[in-house]
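Notes follow once the structure below has been shown.
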Amino acid sequence: QVQLVESGGGLVQAGGSLRLSCAASGRTFSSYVMGWFRQAPGKERDFVSAISWNGGKTAYADSVKGRFTISRDNAKNTVYLQMNSLKPEDTAVYYCADRETFDVYSLARANEYDDWGQGTQVTVSS
């Protein structure tokens with residue numbers, strides 16, 4: 001049984017930083033693409049970033065390019081999202097998810113991901 005557990009969320013002032021972690025268990029972590037999504041109240045779940053199985057390829061939503069960095073440590077079965085220069089509009093519940101392929105045409109589609117974590121709240125105050 002696959003389990004994804006996010007951590008690292010919290011309350012931060014605008015301009016601050018947070019690092020989210022997602023620990024995976026129950027499957028061969030290094031074989032899977034990992035992604036981050038976020039969902040604000042009353043809004044759809046939006047793509048944030050994704051990383052290929054070996055970290056060689058990454059993708060970002062335009063809204064976070066240059067501010068967020070995704071990385072992974074396959075030895076620790078963990079994917080990270082370093083978030084800098086945070087803005088109030090980054091406030092959301094952040095979810096990690098996994099999928100089998102790094103298809104740039106479908107990375108942003110939440111229904112293309114297999115497993116999801118429970119989410120971690122990020123709140124950015126102005």
Side-chain angles (χ1 to χ4, degrees):
Q1 181 178 355
V2 176
Q3 188 173 23
L4 302 175
V5 180
E6 301 95 336
S7 61
L11 173 64
V12 63
Q13 287 188 329
S17 299
L18 283 174
R19 188 176 82 152
L20 305 184
S21 300
C22 172
S25 61
R27 75 180 349 165
T28 306
F29 177 76
S30 59
S31 298
Y32 287 85
V33 173
M34 298 300 297
W36 286 96
F37 285 73
R38 65 187 182 186
Q39 188 166 21
K43 296 189 176 181
E44 294 186 350
R45 192 168 295 190
D46 291 332
F47 172 76
V48 174
S49 184
I51 188 167
S52 61
W53 67 274
N54 65 351
K57 293 183 282 187
T58 58
Y60 296 92
D62 288 343
S63 59
V64 306
K65 275 181 184 176
R67 300 188 298 123
F68 290 11
T69 303
I70 192 171
S71 62
R72 66 190 295 163
D73 185 339
N74 287 343
K76 295 182 178 180
N77 289 354
T78 302
V79 61
Y80 304 97
L81 186 68
Q82 177 67 43
M83 306 186 296
N84 298 330
S85 302
L86 283 161
K87 305 175 182 179
E89 51 263 44
D90 294 318
T91 295
V93 177
Y94 283 71
Y95 299 90
C96 69
D98 64 15
R99 56 180 286 166
E100 293 187 1
T101 60
F102 194 90
D103 175 9
V104 296
Y105 298 106
S106 68
L107 283 177
R109 298 177 196 159
N111 61 1
E112 298 273 350
Y113 288 74
D114 298 327
D115 305 287
W116 293 82
Q118 83 290 347
T120 185
Q121 175 71 46
V122 172
T123 303
V124 185
S125 63
S126 57

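Thr91 contributes a side-chain N or O that, together with a main-chain N or O of Val124, makes up a donor-acceptor pair within less than 3.5 Å. A donor-acceptor pair under 3.5 Å is formed between the side chain of Glu6 and the backbone N or O of Gly119. A donor-acceptor pair under 3.5 Å links the side-chain atoms of Ser49 to the main chain of Ala59, judged by distance alone.
In this structure the side chain of Leu107 reaches within 4.5 angstrom of the side chain of Arg99, judged on heavy atoms. Using a 4.5 Å heavy-atom cutoff, the side chains of Leu4 and Trp116 are not in contact.
Environment of CD in Glu100: sparse, with no more than 12 heavy atoms of neighbouring residues, nucleotides or ligands closer than 6.0 Å.
In summary, the side chains of Ser71 and Asp73 do not present any donor paired with an acceptor at a separation below 3.5 Å, with no hydrogens or angles considered.
For the atom pair CG (Asn74) and CZ (Arg72), the distance works out to 4.5 Å, reported to the nearest 0.5 Å. To the nearest 0.5 Å, the span separating CD1 on Ile51 from SG on Cys96 amounts to 12.5 Å. A distance of 7.0 Å separates OG in Ser106 from OH in Tyr113, rounded to the nearest 0.5 Å.
The two residues Ile70 and Trp36 make their nearest non-hydrogen contact at CD1-CD1, 3.6 Å. Heavy-atom minimum distance, Val12 versus Leu86: CG1-CD1, 3.6 Å.
Evaluation of the salt bridge (Lys or Arg N to Asp or Glu O under 4.0 Å) rule for Arg27 yields Asp98, Asp115 as partners, not counting sequence neighbours. For Thr123, the side-chain hydrogen bond (donor to acceptor under 3.5 Å, both in side chains) test picks out Gln121, with sequence neighbours left out.
The existence of a salt bridge linking Lys65 and Asp62 is confirmed by a sub-4.0 Å separation between a basic side-chain nitrogen and an acidic carboxylate oxygen.
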